[in-house]
Amino acid sequence: MNNKKKERRGFIKKTVFTAGAAISGIGLESCARTDKEGIGSVNIISNKKYKWRCVTTWPPNFPVLGEAVVEMAEELAIISNGRLEIKVYGGGELVPSLEVFDAVTQGAAQMGHGAAYYWAGKMPSSVFFCTIPFGMNAQQINSWMLHGNGWKLWKELYEQVNLIPFPCGNTGVQMGGWFNKEINTIQDLQGLKMRIPGLGGQVISKAGTAAVTMAGGELYTNLERGVIDATEWIGPYHDYLMGFHQVADFYYYPGWHEPGSCLELMVNKKAFESLPRDLQMLVENTALKYNLWVLSEFEAKNNFYLQKILSESNAQLKKFPDEVLAKLKDYSKETIQEIIDADPFGKKVYADFSKFKEEINNWNKSSEQAILPYI
Ligand code: CA
């Protein structure tokens, strides 16, 4: 055998050994021995296994949102070759839905899935990382997250509470909600009792609506019995499953209060930092895959369910009058001003959010808005 052949055989042997090691479950673990300049790390071979818990704000087996988290965990187990096993809990299975935040910051669970605006009571500026009334749509907020300062600011906020956030799903434009009264003017909202959480609730209350929150499971009965006059939920796919078309007369659009809600995967910071670099990247890449996956599922299924709603019930599809939307937009500006006046970090985030939105809207005049009427 000549020398060149020997070299080649040696190279193949080394390559096969490395590949075989990866296949048999031995991965590269970074010791995170980063030098002072922040470059370079030492990798050692490790097959350490991590068993994590992921708590979610969604009811168990919740279509799209809950299902996506389960699929994501299954996928992570496969692509990590069993090194990262995540058990997913629906809301109420390990902790109540709205205690997901506390469970992950305190480390009772390493991971959680929900929506940042649920934590507005703890961190008012969290709303900007999910959605705000008349804010950005899914494509715009994804651009702000990935190529603007959105994700960077979000990490800055969550770092203070020992969390690392990832964009992980988007509902797209939601529907305006189910009403048992026709809305022709802003005055028609006065005196209504509507289930509408978060900023949307604060905004609509300026029009004289009593905004209430209640568990999803109670909504159908409360709407049927007149305990509430209206409710928003998500969009046709979920709304159909909730059966609201059987007990409400009008289905209004657009969802001015949620133009593109970005969902979140939150990871306990210490837990994330304990992972080797390759598993950290798998978590990040998988979160971003599901960020697109969830939006695509909503977009693919909503029209099918909208047509089912309209063909299986007497519910009428209606658009909020321009006058009503314009007034709600004014109230939204007031509400956001109140938030940022009381929260310096929120002021900084909103300044960046607004600047990005103005610029992307300017581009969208020549792109999305220009082409949509023709496609
Ligand atoms: Ca909603």
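This structure is a prediction, so every number in the text was calculated from the model and none was measured. Order of listing sets the numbers, starting from 1, for every ligand and every atom in it.
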Donor-acceptor pair between [X] and [Y] side chains, under 3.5 angstrom:
{"X": "Tyr252", "Y": "Glu232", "answer": "no"}
{"X": "Glu258", "Y": "Tyr117", "answer": "yes"}
{"X": "Glu358", "Y": "Asn362", "answer": "no"}

Item to check | Among the N, O or S atoms of Glu258, the one nearest the Ca ion (ligand 1) | outcome: OE2

Next on the checklist: Between the Ca ion (ligand 1) and Glu232, which N, O or S atom of the residue is the nearest one?
Outcome noted: OE1

Checklist entry - Can you tell me if an N/O/S atom from Trp233 lies under 3.0 Å from the Ca ion (ligand 1)? => result yes

Checklist entry - With a cut-off of 3.0 Å, does Gln174 place any N/O/S atom under that distance from the Ca ion (ligand 1)? => result yes

Item to check | Shortest non-hydrogen contact between Gly200 and Trp256, atoms and distance | outcome: O-CH2, 3.6 Å

